[in-house]
Amino acid sequence: MIIGENIHKSFGDLEVLKGVDLHVQPQEVVVLVGVSGSGKSTLLRCFNFLEMINEGSITIDGKKVDPKKDNLTKIRAEVGMVFQHFNLFPHKTVLENVIEAPLTVKKMNKEKAKKLGLELLEKVGLSDKADVYPSKLSGGQKQRVAIARSLAMEPKVMLFDEPTSALDPELVGEVLQVMKQLAEEGMTMVVVTHEMKFAKEVADRIIMIDQGTIIESADPENFFGNPQHERTRQFIQLVE
Amino acid sequence: MFELFGTVFEVFMRTYPGFLEATVVTLQLTAIGVILGTVIGLVFALMKISGSKILQWIANVYITVIRGTPLIVQIMFLYFGIVEIYTMSNFWAGAIALGVHNGAYIAEIFRGAIQGVDPGQREASMSLGMNRKQTMQRIVFPQALRRSIPPLGNQFIITLKDSSLVYIIGVSEIFSLANREAAQSFQPFESFLVVALYYLVLVMIFTYLLRWYENRLDVDKT
């Protein structure tokens with residue numbers, strides 16, 4: 001679904017990604033872990049072209065993307081993204097947030113969009129909040145709206161950038177629950193997270209990124225039970 | 001003390017018909033100055049964020065020149081400059097000078113408000129497949145506009161007070177009336193005290209209205 005090959009990305013003199021290869025299969029759930037500054041969020045942001053790679057290639061759904069020629073807007077519409085800080089639109093209601101992109105990008109008619117929006121809000125358990133503004137929601141509720149907003153574009157793959165890191169501990173569960181449900185429905189997902197319990201339960205594959213390269217890639221059982229790399233062992237000890 | 005109060009009251013009573021008329025002129029100058037300034041400000045703010053080096057340069061020159069010179073010089077320059085080419089009333093010369101002056105400040109207000117919108121808003125919008133134009137129109141500008149209302153209100157009040165400077169080209173607004181009154185009646189202290197009260201009351205009314213409007217905007221949405 002996503003094929004990244006030899007991805008290099010630098011910010012000025014700082015090389016953040018040093019040749020990363022990552023193939024994500026359809027319906028696969030890949031969890032990216034690593035210490036902060038390791039490049040895992042940057043990798044995620046490269047996959048929907050919020051960051052442009054300096055070298056290498058990215059193929060989405062069988063189509064190799066050329067950032068110079070291709071319409072990135074169209075490609076981004078197929079790749080959903082959920083942010084650490086939600087980034088809901090504060091001047092729009094919950095429902096308006098969810099249907100904004102279907103209305104403006106897909107030119108969906110209002111009735112149909114509303115119906116879709118309400119369905120998605122029901123899916124994330126927030127039908128009763130359709131008409132309130134985001135400022136009235138808790139962090140967990142905001143993130144669930146953000147997920148619904150992303151799903152409204154019917155993306156082929158969903159990227160999650162530390163979706164629970166900005167939440168109070170008691171609100172983490174409700175967001176992970178929604179993500180777990182999505183995974184069970186067969187959504188292709190790439191998740192950057194520090195929630196090891198989620199990784200163990202939901203991931204098909206866990207990938208450890210360290211200093212801009214992938215140093216470990218294994219299913220959860222092997223990742224936690226039999227890590228190959230010394231840095232992975234240290235990391236597991238640190239988070240458990 | 002009572003004597004002073006008495007003479008101020010007497011000047012007030014004698015002059016208020018003229019002052020009310022002049023207040024209308026002051027408000028007209030302010031309104032034109034703000035509306036014209038907003039239009040100019042919007043254009044130059046868009047030029048500054050356009051990404052085009054030439055447009056940015058033009059906007060920077062305009063803003064630097066206007067902010068770097070006194071309003072009174074701009075009024076004189078515009079008045080004598082324009083009248084050379086195109087005959088217009090001193091009222092319009094003054095109003096346009098206020099608009100041109102405001103434009104530079106309002107451009108900076110808009111630019112600041114647009115750039116002050118959380119970059120995450122743009123990223124979220126783009127990640128949903130919205131293009132640059134849709135992102136600006138539907139996500140960034142509405143939030144920027146909301147942010148720019150308090151500083152715009154402030155600029156509005158500054159304009160109201162700055163409009164007094166067009167007395168220099170003989171526009172009959174309230175300060176020029178006070179100035180004339182002071183000279184004719186030999187009561188400069190009372191005359192300027194009265195005009196100060198007019199400005200104070202006008203500013204207080206606007207401040208109140210602006211605060212009311214800001215509060216109304218804030219409900220639910222922040």
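So that the names make sense, note that chain A is the first sequence line, chain B the second, and so on, each numbered from 1. What you see below is based on every heavy atom in this structure, not just the backbone, and it leaves out hydrogens, waters and symmetry mates. All of these numbers come straight from a predicted model, not from anything done at the bench.
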S.K.: For A:M81, which atoms come within 4.5 Å of any heavy atom of chain B: side chain, backbone, both, or neither?
M.R.: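 Backbone plus side chain of A:M81, per the 4.5 Å heavy-atom cut-off to chain B.
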S.K.: Just wondering, are more than 12 heavy atoms of other shown residues or ligands nearer than 6.0 Å to CD in A:Q181?
M.R.: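 Atom CD in A:Q181 is packed in, count exceeds 12.
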S.K.: Which bit of B:D118 comes within less than 4.5 Å of chain A, counting heavy atoms only: side chain, backbone, both or neither?
M.R.: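 Side chain only.
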S.K.: Measuring only between side-chain heavy atoms, which start at C-beta, is B:M126 closer than 4.5 Å to A:N48?
M.R.: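 Result no, sub-4.5 Å side-chain heavy-atom pair not found.
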S.K.: Check the surroundings of atom NZ in A:K106: do more than 12 heavy atoms from other residues, nucleotides or ligands lie under 6.0 Å from it?
M.R.: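 Above 12, so yes.
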S.K.: Within the side chain of B:Q134, is there an N or O that forms a donor-acceptor pair under 3.5 Å with the backbone of A:T104?
M.R.: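 Checked: pair present.
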S.K.: Please check if the number of heavy atoms outside A:E185 that lie under 6.0 Å from its CD is greater than 12.
M.R.: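 Yes, the 6.0 Å shell around CD holds more than 12 heavy atoms from other groups.
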S.K.: Does A:F11 have more than 12 heavy atoms from other residues, nucleotides or ligands lying within 6.0 Å of its CZ?
M.R.: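 For A:F11, atom CZ is crowded (more than 12 foreign heavy atoms under 6.0 Å).
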S.K.: If you draw a 6.0 Å radius around NZ in A:K68, do more than 12 non-hydrogen atoms from other residues or ligands fall strictly inside?
M.R.: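 For A:K68, atom NZ is not crowded (no more than 12 foreign heavy atoms under 6.0 Å).
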S.K.: Does B:I54 CD1 have over 12 foreign heavy atoms under 6.0 Å away?
M.R.: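 Not more than 12 within 6.0 Å, no.
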S.K.: For the residue pair A:R45 and B:E123, establish whether any side-chain heavy-atom pair is separated by less than 4.5 Å.
M.R.: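 Yes; the side chains approach each other to less than 4.5 Å.
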S.K.: Would you indicate whether the side-chain heavy atoms of B:L128 and A:V105 approach each other to under 4.5 Å?
M.R.: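 SC-SC contact between A:V105 and B:L128 ruled out.
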S.K.: For B:E21, is the CD atom crowded, meaning more than 12 foreign heavy atoms sit under 6.0 Å from it?
M.R.: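 Check fails, neighbour count at 12 or below.
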S.K.: For atom CE of A:M52, decide whether the heavy atoms of other residues, nucleotides or ligands shown that lie under 6.0 angstrom number more than 12.
M.R.: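 Above 12, so yes.
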S.K.: CZ/A:F89 to CZ/B:R138 distance, rounded to the nearest 0.5 angstrom?
M.R.: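 Answer rounded to 0.5 Å: 10.0 Å.
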S.K.: Look at the side chain of B:Q121 and the backbone N and O of A:L88, then say whether any donor-acceptor pair between them is shorter than 3.5 Å.
M.R.: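 Flag set: sc B:Q121 to bb A:L88 pair under 3.5 Å.
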S.K.: Quick one: of A:V82, A:N71, A:T73, A:L72, who has the most non-hydrogen atom pairs under 4.5 Å with chain B?
M.R.: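 If we count pairs closer than 4.5 Å to chain B, A:T73 comes out on top.
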S.K.: With a 3.5 Å distance limit and no angle check, can you tell me whether A:N87 reaches the backbone of B:A124 through a side-chain donor-acceptor pair?
M.R.: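 Looks like no, no N/O pair under 3.5 Å.
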S.K.: Heavy-atom cut-off 4.5 Å, strictly under: side chain, backbone, both or neither for A:K92 against chain B?
M.R.: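 Interface part for A:K92: side chain.
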S.K.: Mind checking the OG-CZ spacing from B:S127 to A:R149? Nearest 0.5 Å is all I need.
M.R.: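 Atom-to-atom, B:S127:OG and A:R149:CZ are 6.5 Å apart.
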